[in-house]
Student: 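Sharing a structure below in structure tokens format, with a few things to ask.
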Amino acid sequence: MTRIPYLSAARFSGDESGSFLQAQLTADIAALEDGSATFACYCTPKGQVLGLLRVQRSGDSYLVAGDSRLLPGILQRLQMFVIRSRVEFALADDLAVWGAPGPDYVFAPATDTGDDPDPEWKAGELRAGIAWLGPGSSEKFIPQMLGFDALGAVSFSKGCYPGQEIVARARYLGSVKRKPLVLEAEGAIQPAPGDKLRLQRGDEWYDAVAVDSAPGGAGRTVVFTVTRAEPEAPAQALEVAGATYRCATM
């Protein structure tokens, strides 16, 4: 296993921790069995994703992984909705998030020994459609624009949660005009999350937004973008800050 330095863990406990998460997150938390896990989104009332989370049931408690820069603020926001619910939660400083082949995620004591951080781990996540949002990409996209519904992070049959009406309407009305596109570009580039990009698809250039990027080995960079859903033609060039790089769609 390799420790994932950009993820932190939180622990939710109490008789109503499951029902509380079920009412706040996009995934069907109530369907989790002990030891099973799911991706989930925490959204604003407008359906914009504040952060991607990984939720694992552990007995009557739940362990949650999220971007280290966003998770404290997400917990603070969730605290406003506790009211009289029998649930307690906080950062789990005794736990770290570890990556296993798949990619998969394991919560284990922070003192456990493991492999050194894999410099290409994040590239593997991005290739798999997993983009942990950060300050530059939080609250900018609904889940379908990021492909998080394909990760199983969104249930369209569960009850209400913040932003549920907008997320469901986008699905049933077919109104999602932007989709994720993961590219492997030639060159060691570092577009910042939220940066505006341009993609050549066929004979035309289209606007895109960088969500995340990571070194992909052999002098290449994997870039997770959100761009127009149509045309569905693959991209062959990427423009970042006025410089053009050859690329291929993953």
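Heads up: numbering here begins at 1 and tracks the sequence.
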Student: Using a 3.5 Å cut-off and no angle test, enumerate the donor-acceptor pairs between side-chain atoms of residues 51-61 and protein atoms at least two apart in sequence or in another chain.
Tutor:
| unit_1 | atom_1 | unit_2 | atom_2 | d |
| --- | --- | --- | --- | --- |
| R54 | NH2 | D104 | OD1 | 3.1 |
| R57 | NE | G59 | O | 2.9 |
| R57 | NH1 | L32 | O | 3.0 |

Student: Which residues, ordered by chain and number, are linked to I189 in its hydrophobic cluster, where ILVMFWY side chains connect at heavy-atom gaps below 4.5 Å, directly or through other members?
Tutor: L181, L183, L197, L199, V223, L238, V240, Y245
Student: For residues 43-83, which residue pairs qualify under ring-ring contact (aromatic ring centres under 6.0 Å, His included), counting only residues two or more places apart or in two chains?
Tutor: none
Student: Using modelled atom types only, decide if a donor and an acceptor are shared between the side chain of T221 and the backbone of G187 within a distance under 3.5 Å.
Tutor: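 Yes, the answer is positive, given that a donor and an acceptor are paired below the 3.5 Å cut-off.
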Student: Would you call R11 and D94 a salt bridge, using N to O less than 4.0 angstrom?
Tutor: yes
Student: Taking only residues two or more places apart in sequence or in another chain, which ones pass side chain to side chain donor-acceptor pair (under 3.5 Å) with R178?
Tutor: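 Listed in chain order: nothing, the list is empty.
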Student: Given the rule that I, L, V, M, F, W and Y join up when any side-chain heavy atoms are under 4.5 Å apart, are F39 and V211 in one cluster?
Tutor: yes
Student: State, yes or no, whether a side-chain contact exists between T249 and V182 at a heavy-atom distance under 4.5 Å.
Tutor: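 SC-SC contact between T249 and V182 ruled out.
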Student: Find out whether V97 and V106 are in side-chain contact, i.e. whether some heavy atom of one side chain is under 4.5 Å from a heavy atom of the other.
Tutor: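 They are not in side-chain contact.
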Student: Got a sec, which pairs hit ring-ring contact (aromatic ring centres under 6.0 Å, His included) with one end in residues 10-36, sequence neighbours left out?
Tutor: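 Passing the test, one end in residues 10-36: F12-F89, F20-F89.
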Student: Determine whether a donor-acceptor pair (N or O, by modelled atom type, separation under 3.5 Å) exists between the side chain of S85 and the backbone of V87.
Tutor: no
Student: Can you get from I142 to L70 by hopping between Ile, Leu, Val, Met, Phe, Trp and Tyr side chains that sit under 4.5 Å apart?
Tutor: yes
Student: Of all heavy-atom pairs between C41 and T26, which one has the smallest distance, and what is that distance?
Tutor: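 Reported closest heavy-atom pair: N-OG1, 2.9 Å.
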Student: Anything under 3.5 Å between a donor and an acceptor, one on a side chain of residues 121-130, the other on a protein residue two or more places apart or in another chain? List them.
Tutor:
| unit_1 | atom_1 | unit_2 | atom_2 | d |
| --- | --- | --- | --- | --- |
| W121 | NE1 | E125 | OE2 | 3.2 |
| K122 | NZ | D212 | OD2 | 3.4 |
| E125 | OE1 | Y6 | OH | 2.5 |
| E125 | OE2 | Y105 | OH | 2.6 |
| E125 | OE2 | W132 | NE1 | 2.9 |
| R127 | NH2 | E184 | OE1 | 3.3 |
| R127 | NH2 | G216 | O | 3.4 |

Student: Partners of S138 by side chain to side chain donor-acceptor pair (under 3.5 Å), sequence neighbours excluded?
Tutor: none
Student: Find the distance between OG (S137) and CZ (F224) and round it off to the nearest 0.5 Å.
Tutor: 9.5 Å
Student: Taking all heavy atoms of L95 and all of L63, pick out the closest pair and write down the distance.
Tutor: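 Closest approach of L95 to L63, heavy atoms only: CD1-CD2, 3.8 Å.
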Student: Test of understanding: with side chain to side chain donor-acceptor pair (under 3.5 Å), list the residues that count as partners of Y206, not counting sequence neighbours.
Tutor: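 By the side chain to side chain donor-acceptor pair (under 3.5 Å) rule, Y206 matches no residue at all.
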Student: Please name all residues satisfying salt bridge (charged side-chain N to carboxylate O under 4.0 Å, His left out) with E239, sequence neighbours left out, ordered by chain then number.
Tutor: R198
Student: Treating Ile, Leu, Val, Met, Phe, Trp and Tyr as nodes and any side-chain heavy-atom pair under 4.5 angstrom as an edge, say whether V209 and V176 lie in one connected cluster.
Tutor: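 Per the 4.5 Å side-chain linkage, V209 and V176 are co-clustered.
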Student: What residues form a side chain to side chain donor-acceptor pair (under 3.5 Å) with R171, not counting sequence neighbours?
Tutor: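 With sequence neighbours excluded, R171 shows a side chain to side chain donor-acceptor pair (under 3.5 Å) to no residue whatsoever.
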Student: I166: which other cluster members, linking ILVMFWY side chains closer than 4.5 Å, directly or transitively?
Tutor: none
Student: Over all heavy atoms of both residues, which pair between Q24 and Y42 is shortest? Give the atoms and the distance, please.
Tutor: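 So the minimum-distance heavy-atom pair works out to O-CD1, 3.4 Å.
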Student: If I take atom CG from residue L71 and atom CG from residue L78, how far apart are they, to the nearest 0.5 angstrom?
Tutor: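 One gets 9.0 Å once the value is rounded to the nearest 0.5 Å.
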Student: Just how far is it from atom SG of C43 to atom CZ of F148, taken to the nearest 0.5 Å?
Tutor: 9.5 Å
Student: If hydrophobic clusters are built from ILVMFWY residues whose side chains come within less than 4.5 Å, do F107 and L7 share one?
Tutor: yes
Student: Ignoring hydrogens and geometry, is there a side-chain-to-backbone donor-acceptor pair from R3 to P5 under 3.5 Å?
Tutor: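 Not at all, since once roles are kept as given, no pair shorter than 3.5 Å links the two residues.
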Student: How many angstroms lie between CE in M80 and CZ in R77, if you round to the nearest 0.5 Å?
Tutor: 5.5 Å
Student: With heavy-atom distances below 4.5 Å as the criterion, would you say the side chains of E186 and R220 are in contact?
Tutor: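 Contact flag for E186/R220 side chains = yes.
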Student: CZ/R228 to CZ/R201 distance, rounded to the nearest 0.5 angstrom?
Tutor: 8.5 Å
Student: Mind running side-chain contact (heavy atoms from CB on, under 4.5 Å) on T38 and I29 for me, showing each step along the way?
Tutor: CA-CA 8 Å; T38 182; I29 306 301; 4.1 Å; yes
Student: So how far is it from E88 CD to R86 CZ, rounded to the nearest 0.5 Å?
Tutor: 12.0 Å
Student: Donor-acceptor check, side chain of T227 to backbone of D207, threshold 3.5 angstrom: yes or no?
Tutor: yes
Student: Mind checking whether V167 and L173 sit in one hydrophobic cluster, side chains of I, L, V, M, F, W, Y counted as touching below 4.5 Å?
Tutor: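 No, because V167 and L173 fall into different hydrophobic clusters, even though each may have its own neighbours under 4.5 Å.
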Student: Does any part of the side chain of T44, heavy atoms only, come nearer than 4.5 Å to the side chain of L50, both counted from C-beta?
Tutor: yes
Student: Could you tabulate the donor-acceptor pairs under 3.5 Å formed by side-chain atoms of residues 151-164, not counting sequence neighbours?
Tutor:
| unit_1 | atom_1 | unit_2 | atom_2 | d |
| --- | --- | --- | --- | --- |
| S155 | OG | S157 | N | 3.3 |
| S155 | OG | S157 | OG | 3.4 |
| S155 | OG | K158 | N | 3.3 |
| K158 | NZ | Q22 | O | 2.4 |
| K158 | NZ | L25 | O | 2.5 |
| K158 | NZ | A27 | O | 2.9 |

Student: Is there a side-chain contact between F141 and L146 in this structure, where contact means two heavy atoms from C-beta onward sitting under 4.5 Å apart?
Tutor: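 Touching, per the 4.5 Å side-chain cut-off.
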